[in-house]
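Report on the following structure.
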Amino acid sequence: MSRVLGAVLAGGRSHRFGSDKANARLDGRRLIDRAIDGLAPQVDAVIVCGREVPGYVSVPDCPAADLGPLGGLNAAMHYAREHDFETVVAVPCDVPFLPSDLAVRLASAGASAYLPNLPVIGRWPSSLAALLDHHLATSADRSMRFWATVAGAHPVHAGELANVNTPADLHRIASGSSPL
């Protein structure tokens, strides 16, 4: 049976949000806690990439900070390989309501899969770590969509998910308005 590592990507600078988005609160709970709690029941273990979070294994982005979500994903893939996880399911810290069957949906599409409307959410074999190292060393394109193409990932449609990029997004979600 393959082991699946959950990775919450939390190394961003929150430029559009204006303050530390991972620690922003929705209904009294931090966004990062919501992401961890939504992912944890779907995987064998959870790590946080790009920041220290007490109580969780935390790993720095790899090979360096400020590479966007790919730096966090790369750190997670290396951690997975070193700790005998075959797969990484990655989510950002700013999606407060993950589907309870997200990992199953991604797995149904094959070894590599991602959400085309929110490509930072994906499933990646840890065996792709060397390919991601090469991509980060040789390509200027740091987009998750481009990485998905390089990795041969399959798109999975999981509907629209609330994603917090600005304080207005958080306000809309908190007030029950459309999260998009």
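Note that the numbering runs from 1 along the sequence shown for the chain.
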Check against side chain to side chain contact (heavy atoms under 4.5 Å, CB included), Ile32 and Val8: CA-CA 8 Å; Ile32 194 165; Val8 177; 4.1 Å; yes
Test log, rule side chain to side chain contact (heavy atoms under 4.5 Å, CB included), inputs Leu132 and Val150: CA-CA 9 Å; Leu132 185 49; Val150 169; over 6 Å; no
Steps toward side-chain hydrogen bond (donor to acceptor under 3.5 Å, both in side chains) verdict (Asp141, Ser143): CA-CA 6 Å; Asp141 192 329; Ser143 76; 2.9 Å; yes
Check against side chain to side chain contact (heavy atoms under 4.5 Å, CB included), Val4 and Glu86: CA-CA 6 Å; Val4 179; Glu86 293 179 9; over 6 Å; no
Verdict with reasoning, Val43 to Phe85, per side chain to side chain contact (heavy atoms under 4.5 Å, CB included): CA-CA 10 Å; Val43 297; Phe85 290 91; over 6 Å; no
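A salt bridge does not link Arg29 to Asp33: none of the charged nitrogens lies less than 4.0 Å from a carboxylate oxygen. Asp169 and Arg172 are joined by a salt bridge, as a carboxylate oxygen and a charged side-chain nitrogen come within less than 4.0 angstrom of each other. Electrostatic pairing of Asp44 and Arg3 does not count as a salt bridge here, judged by no charged N lying under 4.0 Å from a carboxylate O.
Here the side chain of His171 pairs no donor or acceptor atom with the backbone of Pro167 at under 3.5 angstrom. Side-chain N or O atoms of Lys21 include one that pairs as donor or acceptor with a backbone N or O of Val164 at under 3.5 Å. In this structure, the side chain of Ser58 engages the main chain of Val53 through a donor-acceptor pair within 3.5 Å.
No side-chain heavy atom of Pro155 sits less than 4.5 Å from a side-chain heavy atom of Leu115. Between Cys93 and Leu31, the closest side-chain pair of non-hydrogen atoms is not below 4.5 Å. A 4.5 Å side-chain heavy-atom check between Arg123 and Thr87 finds at least one atom pair inside the cut-off. His78 has its side chain within reach of Asp133: a pair of non-hydrogen atoms, C-beta onward, lies under 4.5 Å apart. Counting heavy atoms from C-beta outward, Ile36 and Val48 have side chains that approach closer than 4.5 Å. Between Leu73 and Cys49, every side-chain heavy-atom pair lies at or beyond the 4.5 Å cut-off.
Considering CZ of Arg105 and CD of Gln42, their distance stands at 9.5 Å, rounded to 0.5 Å. Taking CG of Leu70 as the reference point, atom NE2 of His135 lies at 5.5 Å (rounded to 0.5 Å). With rounding to the nearest 0.5 angstrom, the CG atom of Leu161 is 6.5 Å from the CG atom of Asn117. Taken from CG in Asp84 to CG in Leu5, the straight-line distance is 11.5 Å, to the nearest 0.5 Å. Between Asn165 atom CG and Leu170 atom CG the span is 11.0 Å, to the nearest 0.5 Å. Distance check, rounded to the nearest 0.5 Å: CG of Asp66 to CZ of Arg142 gives 11.0 Å.
Just one of Asp20, Val59, Asp61 meets the side-chain contact (heavy atoms from CB on, under 4.5 Å) condition when paired with Arg51; it is Asp20.
The minimum heavy-atom distance between Val89 and Leu106, with the atom names listed, is CG1-CD1, 4.1 Å. Annotation for Met144 and Pro69: closest pair SD-CB, 3.8 Å, computed over non-hydrogen atoms. Summarising the geometry of His157 relative to Pro116, their closest heavy-atom pair is CE1-CG, 3.4 Å, with the distance given to 0.1 Å. Residues Ala113 and Trp124 approach most closely at O-CZ2, 4.2 Å, considering heavy atoms. In terms of heavy-atom proximity, Leu39 sits nearest to Gly6 at CD2-CA, 3.6 Å. Scanning all heavy atoms of the two residues, the minimum distance from Gly28 to Arg25 falls at O-NH1, 3.0 Å.
Taking the six-membered ring for Trp, His154 and Tyr114 have ring centres at least 6.0 Å apart.
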